Structures are given as C-alpha cells and as structure tokens.
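Written below as structure tokens is the structure these notes are about.
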Amino acid sequence: MALVISLLISTSPSLAQNFCPTSTATETGGFSVPAQVCAGKPVTVTGVPASLVNIRYVYQYSGNGIPGGVASTSNIYTTPGSYTILQVAAGSNATGTFACRVVEVLPVKAVSFSTASCSNRTVSLTYTLDNETIRYNQLSINWGDGSATQFVALNGTTTTASVKHTYAGTAANYIVQVSGSYTNACTGNPAAQNVRVQTTTAIDPNILTLTSDATQATINFQGPDGFNLELYKKDAAGVYAPTGLTGTSGGNFTIPASPASVNCFQLVAKDVCGGSERRSTEVCSLVLTGTAEDRQNVLSWQPYSGSGGTFDTYRVYKNGGPPIFSARDRQVSTYTDIDNIICSKNYCYVLEATIRNTTVSPTVVRSMSTCVSGFDNGSVVSPTSAYVSVQPNGVNVQATLPTVGLPSPYTLIVTRATGVGTPFSPLGVSSDRSYLDATAQTASQNYCYQTAIRNSCGVLSKPTSPACTILLTKNANGSISWTPDSPYANAPPQSYQVIFIDPATGASDKRDLGKVTTFTPDPNSQVTQYQIAAVNSAGIESYSNPVEVELGLRVFVPNAFTPNGDQQNQSFMAKGLLAFWETFEMTIYSRWGDVVYNTTDKHTAGWNGEVNGAPAQMGYYSYRIRITDALGKGYERTGQVLLIR
C-alpha cells in the first residue's frame, strides 16, 4: 500500500494543485483539531477514520501539491497566525485520501500595565493594549493579597483603562499579576509587578521656591505620591484657574509671568484613584524696584501678599554676595543701600522672602534681579597738576592725576585759551592723562590750557591753573626771546635752557640760561636753529617752537699746508658748514697768475700741491673761493696759502 501512495504522489499529473479547497465535499480522508490554540501550545489531531493507513501530516500547508509531511499527530506553533493542516493517507480500497483543517494560533504576549499607589491603601492599575494583546477577551488580575482574582472583560477596541483595588491588612508590598485570556481557548503569558501600598497619611503639596525673572516664573514643588499635581494661577478677578502645567511627586514648572506685577500660585494635588483633592498654601511673587540717588540706591517693594503660611524673613542680596539686609516684619517695604555707591557702577539686587509652613518645608520667594547704575552728585577730585610742551605735531597736554579718589571710569577734559587773559573754551576730551592739540599754530602764538576730570555721572572737577606754551621769536637785532608764562600749572619754571640744533646733522647741544627770557646767538656760530626748554623742580622739560636764525656764511681757510707725505696737512681746502653751500668753486693761481688747480666739488679733499702730476714748487700761491647759499646769496674770499715741503 505504501508503494501505491508513493506512486500517487510521484506520478500524479496534479502535483502542483491545491489539495485544500474551500469546500470539504471532495475530501476523502478526515480528522479534527481545535479551531484556536495559543502560540507555544501543542495542536493534537483527533477523529481520524480507522480505515486510513500510512497517514502523514503537513502542518503548514501552502497549497502547492503534496509535500512529504510527517507522521506525528501533534505540532507546536510558536508564531501567531492562521495555519492549514493537510492530511494525506491510503484508504481501505487502496485509493489515496486527503483532508484539510485550519487552526488559528493566538498571540500570548504579556499585557503592559502600571500601578499607582493612592491614599487609603488603594492602588490604581492601568493597562495598555497593543495590536496583539487587544485580541484577548478578558484580563485576570491577581492582586497578590489573597483576594479573589478580578476579571476584566475586553471589547477588542479599548486600548487602555484603569482598575482600582483597596488592600486590607497592614502589609506594604504586594505582587500584582495580570494575564490575558481567550474565551474557550487559552491564557497568555502573565506580567507581574511589585506594588508598594501607601501606609502613611498623604501630605499637602508644597511650593518650595518661586523665582521670577524677566519673562517667567520658575516654581520648584513637591507633592504626595499617588497624586496628580497641577499648577493653578490667580487671575485678575482673584480666582484660581488651572494653568495646564501638571506633574507628579516633584519637579519644576516654568510659566510666563511679568516681573512687574505680583503673581500668585497654588499647587493642586488630585488623587489618581479618585480620592480627595489637596491644595498647597498660596504663594505670591515679589516685585522689587530700585532708584539711584546721590551716593545711595533706594529699594522698594510691595509687602509679601501670599495668604498661606507664616511670614518669616526678608533678605536683600547685592551682586550675588551674602545678604546686606534682613527684616522679620512683613510690612517692611524699603531699604536704602549707602555702602560705597560709586558713580555708574552697576549694582544688582534680589529680594527674598521666607514663609514657614506647619507640616511641610518652608517656601522661599525670590524677586527678579533689579539693577541700578550708581549716581554720585558730589565733588570730583581735580588733576594735581598739568604741563604743556610744543611738539612737531602740535601741543602735548599732560595732566598729573590724583592717586586717591580718581573716579573709574573718568574723562579728561581739556580747555584752551588763545593767549594769557583770554577766556577758555572746550577743546577736547581724553580717556587717558594726555591730550594732543594738533590744531595749535605754535610758530605764531602761544596758548594756555586747563585740564579737569569728569566722572561718568557728568560731574566736572575744578580745572587746574593755566599751563601756557612757550612762544620763541627772533628779533631784528639778532637775538631770540620767549614768552615768560609758565608751561606748568602749579609753579613757574626753575630755569630755561637754549638748545642749539645743527640742521645738517640734527645734533643738538644745551646751555643753561637761568631764568632769563632772551638770548643772543654767537654771530660766528654756524648753528642756525634754536629752541628753548623750560625745566621745573621735578626735572620735567617743556619745549618751545624752534626758530631759524639767519647768519652769514662762514668759511675757514688755512694759511699753509705741507704735502710731504707725513699724512698731516696734505692738502689745501676751504672748511665750513657744507649744508649751507649751495654752489662752490675754488681756484689756485701761481705767482705768475696761471691756474694750477680748480674744483667745484665742495666734498673734495682739495689741492694736493701738484701741478700736472708733479710736485709744485714751495712758496705762496693765491686762491679765490666763491660760495652761494640756498637763497642765492653769494660769498667770495681771496688770499694766499704757503706750500711747504
């Protein structure tokens, strides 16, 4: 018979046909299986006709021919779904038979749930169903306290719901177990959680801190376990309304709130099991304002207006430091800070109030930080002195600042008068101790300057005494003189010095003149530029404008020279300040009037005592020297020089 079935399977022209049609009318075999079974549970074949032999089963038939199959009458499906079972056997008449049955494998996923402990030893269990666990027909809840299992019918559409249970006895910990099950079928995998029942009396919620800033209020809170917390705010009509901000046992709320007005809050706790509502005491914000007055900052606020708890203390903090003021009287509403208030320095204050509660932690209310710029309408110290000095690019005005009492920041104010006795006018400002007056015409007039200090509040100190520049002029008689007004604000010069400047090299020399205010240059000096320096008792120098003194060209000519090879007086050449020689010519003549040497090079070493490359005879030779300066002024000198060998 096995051979017949094998031949049927291997030679049938219908190898690819589906042997499980929608109707069982064509079946020639037969068997029974449950319509539903849970995943992981065995499916057992029953009701097989006794006439069938050599029976084999395909437990996941795909409808494609007749696979080999197995002889076992039991199978375990691990994955939920719908499965077709194909039976293939041989009948008593040696004809092959087949039959098909469908079994639905149900999911056994554990149900997700959470618990919350409420007051009065009540626990709320909330279950949540997904696309697998929603197929259960009911839930069974074992509360773990020996009470009867509680069954909850499921409708296949509700995905979440809550169930409550009140525990008797005194124990605090229980194991709650939840299982889903199918009608007339099986039960899914259980889920378990530890539940701790509240055994103490619930406390009221409490606002721990209320802190205001520029845009919002931040509230730190705590509340009893098993309660849903919501923040309420008092409206303009004095009625508390929910804000929509919710939490559980503790945390922070932030809510938009103007710091310029008082905002009052209350925390409402609602038992998640439907018990009584609890409310915190009323907590209200503080509004702090500050006003800068002369060397003091005045702080004011509305006395704390919250109705709950017992007022304890006000504290005022300055620039993040320790408290600078405290008061136990709730009605105190002002404080004046007079501690070293400096002009334009920023001072930031925070007002804090502590409110005591009977059974919960104290509440601390903090205002928004209020900042005040210090004001000082008092006197400002002046510069201790000042001096001026003429520079190539203008007049340098230098103030000596006080070492004590100098405001920070400060501004140096400079005023100028065009000469002694004329009124002073504002000139400029500096953030340093010096100022450059680049507009001064120091070659044509002298100026007097005063300096003062202005603080950042706009208060100006007294000015220093005038300090005047030295104006140096040249006179028709060849002398130079200068103005006697002191360039030092607090004292006259101790002495003057004349500075001789060589325009060719820039080198200079000084000569002390004492306290005179005139000087006559040496007519034989080649120096043509002069300047005056005043010196005070501290050794500080103040310079005048430089002046040019026109002097005649000076030429120095030796009366003899010795070109004998001893490296001394080897040549004959005119000497002088070459910087003033615009053109130059020197001619040497023999005693018969013949030209023996001629040059226009003012830098040459001169005549070496040779004529046409041969040593000239000893004796006297005549010379003529012609020079013009930069202004075209001419100069000529003639004479004789002795050549010695």
Side-chain angles (χ1 to χ4, degrees), residues 112-128 159-165 172 176 193-235 238-259 261-286 304-309 352-368:
S112 175
F113 72 94
S114 61
T115 59
S117 296
C118 309
S119 58
N120 300 323
R121 297 182 61 81
T122 298
V123 171
S124 175
L125 182 151
T126 300
Y127 60 85
T128 302
T159 59
T160 183
S162 296
V163 181
K164 297 179 180 61
H165 178 73
V176 177
Q193 288 186 18
N194 180 68
V195 174
R196 182 174 179 81
V197 178
Q198 287 193 36
T199 59
T200 58
T201 303
I203 61 173
D204 290 334
N206 184 32
I207 295 176
L208 298 175
T209 61
L210 168 58
T211 304
S212 300
D213 63 26
T215 60
Q216 63 189 16
T218 300
I219 298 165
N220 178 255
F221 64 91
Q222 66 180 12
D225 293 332
F227 284 78
N228 289 324
L229 305 177
E230 184 168 13
L231 182 67
Y232 279 54
K233 182 181 179 183
K234 183 184 287 187
D235 60 22
V239 177
Y240 273 98
T243 63
L245 297 175
T246 60
T248 52
S249 58
N252 291 291
F253 292 134
T254 57
I255 182 171
S258 170
S261 58
V262 175
N263 300 285
C264 295
F265 301 92
Q266 208 170 35
L267 197 61
V268 177
K270 296 180 180 179
D271 194 325
V272 297
C273 298
S276 60
E277 177 183 279
R278 291 179 175 273
R279 288 182 175 251
S280 72
T281 58
E282 178 185 62
V283 178
C284 299
S285 65
L286 294 168
Y304 179 72
S305 59
S307 61
E352 180 183 278
T354 302
I355 295 89
R356 300 288 178 184
N357 299 292
T358 305
T359 58
V360 293
S361 300
T363 297
V364 178
V365 180
R366 298 185 183 94
S367 72
M368 184 186 76

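Please read all numbers here as calculations on a predicted model, not as lab measurements.
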In the structure I gave you, are the side-chain heavy atoms of [X] and [Y] within less than 4.5 Å of one another anywhere?
X: Ser117; Y: Val195; value: yes
X: Thr209; Y: Thr363; value: no
X: Glu277; Y: Asp271; value: no
X: Gln222; Y: Leu208; value: yes
X: Leu286; Y: Arg366; value: no
X: Val197; Y: Val123; value: yes

Rounded at 0.5 Å granularity, tell me how far [atom1] in [X] sits from [atom2] in [Y].
X: Arg279; Y: Asn206; atom1: CZ; atom2: CG; answer: 15.0 Å
X: Gln216; Y: Met368; atom1: CD; atom2: CE; answer: 12.5 Å
X: Ser124; Y: His165; atom1: OG; atom2: NE2; answer: 12.5 Å
X: Ile219; Y: Lys233; atom1: CD1; atom2: NZ; answer: 9.0 Å
X: Leu229; Y: Arg278; atom1: CG; atom2: CZ; answer: 12.0 Å
X: Ile207; Y: Leu267; atom1: CD1; atom2: CG; answer: 5.5 Å

Using the side-chain contact (heavy atoms from CB on, under 4.5 Å) rule, take Phe265 and Ile255 through it: C-alpha gap first, then chi angles, then the decisive distance, then the call. CA-CA 11 Å; Phe265 301 92; Ile255 182 171; 3.8 Å; yes
Just by distance, no angles: are the side chains of Thr128 and Ser112 close enough, under 3.5 Å, to form a donor-acceptor pair?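 Their side chains do not contain a donor-acceptor pair, so the 3.5 Å distance test is not met.
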With sequence neighbours excluded, tell me which residues meet side chain to side chain donor-acceptor pair (under 3.5 Å) with [X].
X: Ser305; answer: none
X: Lys234; answer: Glu282
X: Asp213; answer: none

Any chance CZ of Arg196 has more than 12 other-residue heavy atoms, nucleotides or ligands included, within less than 6.0 Å?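 Count not over threshold, so no.
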Enumerate, atom names and distances included, each donor-acceptor pair closer than 3.5 Å involving a side-chain atom of residues 245-252, sequence neighbours excluded.
from, atom 1, to, atom 2, distance (Å)
Asn252, OD1, Asn220, ND2, 3.1

Check whether any side-chain N or O of Ser280 sits under 3.5 Å from a backbone N or O of Gln266 as a donor-acceptor pair, and report yes or no.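 Judged by distance alone, no pair lies under 3.5 Å.
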Looking at every heavy atom in both Tyr304 and Val283, which two are closest together, and how far apart are they?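 Result for this residue pair: OH-CA, 3.4 Å.
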With sequence neighbours excluded, what pairs up with Phe253 under the ring pair (Phe, Tyr, Trp, His ring centres under 6.0 Å) test?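 Result, ring pair (Phe, Tyr, Trp, His ring centres under 6.0 Å) vs Phe253: Phe221.
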For Thr254 and Thr218, run side chain to side chain donor-acceptor pair (under 3.5 Å): C-alpha distance rounded to whole Å, both residues' side-chain angles, the deciding distance at 0.1 Å, then the answer. CA-CA 4 Å; Thr254 57; Thr218 300; 5.8 Å; no
Set of side chain to side chain contact (heavy atoms under 4.5 Å, CB included) partners for Ser285, sequence neighbours left out: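 Result, side chain to side chain contact (heavy atoms under 4.5 Å, CB included) vs Ser285: Leu210, Ser212, Val262, Asn263.
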Tell me, with the steps shown, if Phe113 and Thr160 meet side-chain contact (heavy atoms from CB on, under 4.5 Å). CA-CA 9 Å; Phe113 72 94; Thr160 183; over 6 Å; no
